[in-house]
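Working notes for the structure below.
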Amino acid sequence: MSDNILEVRDIHTFIGQFHILEGVSVSVPSGAITVLLGRNGAGKTTTLRSIMGLNQVTQGDISYMNGSLVGKNAHKIAQLGIGYVPEHRAIFKELSVRENLQIAARKKGDLENNLDFVFELFPDLKRLIELPGGNLSGGQQQMLAIARALVPDNGLLLIDEPSEGLAPIIIQQLIAAIRTLAANKTVLLVEQNFRVASLLADYFVIIDDGHSVASGSMADLHKEHELVQRYLGVA
Ligand SMILES: Nc1ncnc2c1ncn2[C@@H]1O[C@H](COP(=O)(O)OP(=O)(O)OP(=O)(O)O)[C@@H](O)[C@H]1O
Ligand SMILES: [Mg+2]
């Protein structure tokens, strides 16, 4: 048995007729934060969607707690304890914060059991609980999107670009919250902001043009100037 809660092995994914992932492997160690890095269009979101069963994997394997996810539908995969926070914060804008949280529950007691933790992590949400999601600021909507994934007892969270479009001060709050929640959950993150990724992640995987091309510990990546420059375009 490995210490990796999730193991993506050489997956291939098509979207329609397009061969988008052509060999992506990602090891996600339990209890740590792993970040997927790579340019726009590299295949980071498609990797998360493939894990969630939202894009169909035609080759390779995805094993989660030593069982295969390939061929399971998204509903079934979520029930196994994987929470997905998509790009662009898919919250229900017409529903209140409370209703957004309520419908994220998978079983009776989920919300009651986890609401204190959600409020501890995101105190703003407590104050805004009766407001429509659409009235929240971008940062508050991102907090709500993450909070929704904390309502069921998920062991693994997949979070796509949490810092996108947010002000630095809000990003600081999010970083603190993600670090706190990662104390008892495993996180697989997509993050384009290299500085944010550096502050958060323990491990990285670089995806380029549908392939995973490098992986290792985030602390080591800082010494790999050539790698960072070539695939991420950051000096
Ligand atoms: N619905 C779709 N139909 C056709 N091509 C798609 C579709 N969704 C994504 N793609 C293509 O798949 C490739 C990978 O997209 P993906 O969204 O996974 O990239 P990404 O690394 O998340 O990029 P970004 O940083 O811009 O979010 C891109 O070339 C994109 O144009
Ligand atoms: Mg993306």
Side-chain angles (χ1 to χ4, degrees), residues 5-6 28-36 48 51-52 77-93 95-193 195-203 218:
I5 190 172
L6 181 78
V28 180
S30 298
I33 302 181
T34 301
V35 66
L36 299 180
L48 295 190
I51 295 166
M52 278 320 285
I77 291 170
Q79 281 182 330
L80 294 173
I82 307 181
Y84 178 45
V85 185
E87 243 173 339
H88 315 307
R89 307 151 201 155
I91 62 154
F92 296 99
K93 298 200 165 155
L95 300 185
S96 69
V97 169
R98 182 190 300 282
E99 288 163 333
N100 267 279
L101 293 171
Q102 273 165 347
I103 54 175
R106 275 200 292 268
K107 59 178 178 1
K108 207 170 174 323
D110 274 351
L111 184 60
E112 293 73 10
N113 294 339
N114 292 305
L115 197 58
D116 285 346
F117 179 60
V118 164
F119 286 160
E120 209 177 292
L121 220 48
F122 304 118
D124 274 7
L125 295 183
K126 188 170 190 172
R127 186 165 58 76
L128 302 166
I129 192 85
E130 305 304 343
L131 282 189
N135 287 26
L136 273 53
S137 69
Q140 290 162 344
Q141 289 188 20
Q142 183 60 268
M143 289 167 191
L144 178 56
I146 295 174
R148 287 169 43 86
L150 297 172
V151 168
D153 289 319
N154 291 317
L156 172 64
L157 299 185
L158 313 181
I159 310 178
D160 201 345
E161 304 231 23
S163 79
E164 196 189 10
L166 301 181
I169 177 101
I170 308 297
I171 295 177
Q172 290 308 322
Q173 288 175 25
L174 266 180
I175 290 174
I178 293 172
R179 289 177 76 109
T180 303
L181 72 86
N184 45 27
K185 309 212 179 267
T186 304
V187 176
L188 176 60
L189 192 72
V190 170
E191 184 51 69
Q192 289 270 60
N193 182 326
R195 207 181 62 82
V196 173
S198 304
L199 289 169
L200 275 173
D202 304 296
Y203 301 97
M218 198 69 203

Give me the atom names and distance for the closest heavy-atom approach of [X] to [Y].
X      : Y      : result
Val187 : Ala182 : CG2-CB, 4.2 Å
Leu101 : Arg148 : CD2-N, 4.0 Å
Leu166 : Ile171 : O-CD1, 3.3 Å
Lys126 : Phe119 : CA-CE2, 3.5 Å
Asn154 : Ala149 : ND2-O, 2.7 Å
Ile82  : Arg106 : O-NH1, 4.5 Å

Looking at side-chain heavy atoms only, is the closest gap between [X] and [Y] below 4.5 Å?
X      : Y      : result
Val35  : Leu200 : no
Met218 : Asp202 : no
Pro162 : Leu189 : yes
Val118 : Leu125 : yes
Ile178 : Thr180 : no
Asp153 : Lys107 : yes
Tyr203 : Ile33  : no

Q: Under the side-chain contact (heavy atoms from CB on, under 4.5 Å) rule, what do Leu6 and Thr186 come out as? Steps first, then yes or no, please.
A: CA-CA 9 Å; Leu6 181 78; Thr186 304; over 6 Å; no

Q) Would Gln142 and Val85 count as a side-chain contact (heavy atoms from CB on, under 4.5 Å) if you check the C-alpha gap in whole Å, the side-chain angles of each, and the deciding distance to 0.1 Å? A) CA-CA 9 Å; Gln142 183 60 268; Val85 185; 3.8 Å; yes

Check: [Y] main-chain N/O paired with [X] side-chain donor or acceptor under 3.5 Å:
X      : Y      : value
Arg179 : Leu174 : no
Glu161 : Val190 : no
Asn100 : Phe92  : yes
Asn135 : Leu131 : no

(Q) Using the rule given for side-chain contact (heavy atoms from CB on, under 4.5 Å), can you reason through Leu181 versus Phe117, listing the C-alpha separation, both sets of side-chain angles and the distance that settles it, and then say yes or no? (A) CA-CA 9 Å; Leu181 72 86; Phe117 179 60; 4.1 Å; yes

Gap between atom [atom2] of [Y] and atom [atom1] of [X] - 0.5 Å precision:
X      : Y      : atom1 : atom2 : value
Gln102 : Leu95  : CD    : CG    : 9.5 Å
Glu120 : Asn114 : CD    : CG    : 11.5 Å
Ile159 : Tyr84  : CD1   : OH    : 11.5 Å
Leu36  : Gln192 : CG    : CD    : 11.0 Å
Ile103 : Leu111 : CD1   : CG    : 11.5 Å
Glu191 : Glu164 : CD    : CD    : 9.0 Å

**Q.** Set of side-chain hydrogen bond (donor to acceptor under 3.5 Å, both in side chains) partners for Glu130, sequence neighbours left out
**A.** Arg98

Q: Please check if atom CG in Asn184 has more than 12 non-hydrogen atoms from other residues, nucleotides or ligands closer than 6.0 Å.
A: yes

Q: Test Asp124 against Arg127 for side-chain contact (heavy atoms from CB on, under 4.5 Å), laying out the working first.
A: CA-CA 5 Å; Asp124 274 7; Arg127 186 165 58 76; 3.4 Å; yes

